[in-house]
Amino acid sequence: MMERLPALVAALWWGSLTTLGFFVVPMLFAALPTPAMAGGVAARLFGAQTWVSVGCGMFLLLFSQSNRTDVLVARSSSAMIFIVLGMLLALLVEFGVAPRIALRENLRLWHGVGTGMYLAQWLCAGATLWQLLRKPPA
């Protein structure tokens, strides 16, 4: 059971990024009366997603250092790189990009940067999940 826990956490991370970025936020912009209203709600949701990402990443890093299992280290050290990079991207979007978007500072540029970084974080979470679901070498 314990060896499956990291894969479940990675699935939560990747699934939450997928749900928010590809379904919830586009639906907000389609359903709410103004883009400003949708953007405000989306900003709060992306802020919450940052902490989900950091929490999942911290769990995965701490779990990999546990004496009970070495699942992440045994499977691939690249999983560790993807975890750290994904967490770093989440924090950079939250504290570097999001404030500029909120201030409407060169909105097109910063929205594009934030979108690219969110996509890169999604890829990191997916790569982490992929690494954890691989069959161990025989």
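All figures in this text were calculated on a predicted structure; none of them were measured in a lab.
- When all heavy atoms of Ala79 and Gln131 are compared, the closest pair comes out as CB-CB, 3.9 Å.
- Note on Val97 and Leu103: separate hydrophobic clusters, where clusters join Ile, Leu, Val, Met, Phe, Trp and Tyr whose side-chain heavy atoms are under 4.5 Å apart, directly or indirectly.
- Hydrophobic cluster membership differs between Met27 and Leu45, with clusters built from Ile, Leu, Val, Met, Phe, Trp and Tyr side chains linked at under 4.5 angstrom.
- For the residue pair Met117 and Leu89, the shortest heavy atom distance occurs at CE-CD2, 4.0 Å.
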Problem set entry | Stepwise side-chain contact (heavy atoms from CB on, under 4.5 Å) test for Met80 and Leu61 | CA-CA 7 Å; Met80 300 294 270; Leu61 291 175; 3.8 Å; yes
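- Between Cys56 and Leu12, the shortest heavy-atom contact is SG-CD2, 3.8 Å.
- Atom-to-atom distance recorded for Gln49:CD and Thr19:OG1 is 8.5 Å, nearest 0.5 angstrom.
- Taking hydrophobic clusters as Ile, Leu, Val, Met, Phe, Trp and Tyr residues chained together by side-chain heavy-atom distances below 4.5 Å, Val41 shares a cluster with Leu17.
- Hydrophobic cluster membership differs between Phe95 and Val113, with clusters built from Ile, Leu, Val, Met, Phe, Trp and Tyr side chains linked at under 4.5 angstrom.
- Going from atom CZ of Phe29 over to atom OG1 of Thr34 covers 9.0 Å, rounded to the nearest 0.5 Å.
- From Phe23, atom CZ reaches atom CG of Leu28 across 14.0 Å, with rounding to the nearest 0.5 Å.
- A distance-only check finds no donor-acceptor pair linking the side chain of Tyr118 to the backbone of Val93 [under 3.5 Å].
- For Trp122 and Phe22, the distance between ring centers is under 6.0 angstrom.
- Judged by distance alone, the side chains of Ser53 and Trp13 do bring a donor and an acceptor atom under 3.5 Å apart.
- Counting only heavy atoms from C-beta outward, the side chains of Leu20 and Val52 never approach each other to under 4.5 Å.
- The structure places CD of Gln121 at 10.0 Å from CG of Leu92, a figure rounded to the nearest 0.5 Å.
- There is a path of hydrophobic side-chain contacts, each under 4.5 Å, that joins Trp51 to Phe46.
- Listed for the Arg44 side chain is no donor-acceptor partner under 3.5 Å among the backbone atoms of Gly40.
- Here the CD1 atom belonging to Ile83 is positioned 11.0 Å from the CE atom belonging to Met58, to the nearest 0.5 angstrom.
- Put simply, the side chain of Leu107 reaches to within 4.5 Å of the side chain of Ile101, judged on heavy atoms.
- In summary, of the residues considered (Leu132, Thr128, Leu129), a side-chain contact (heavy atoms from CB on, under 4.5 Å) with Pro6 occurs for Leu132 alone.
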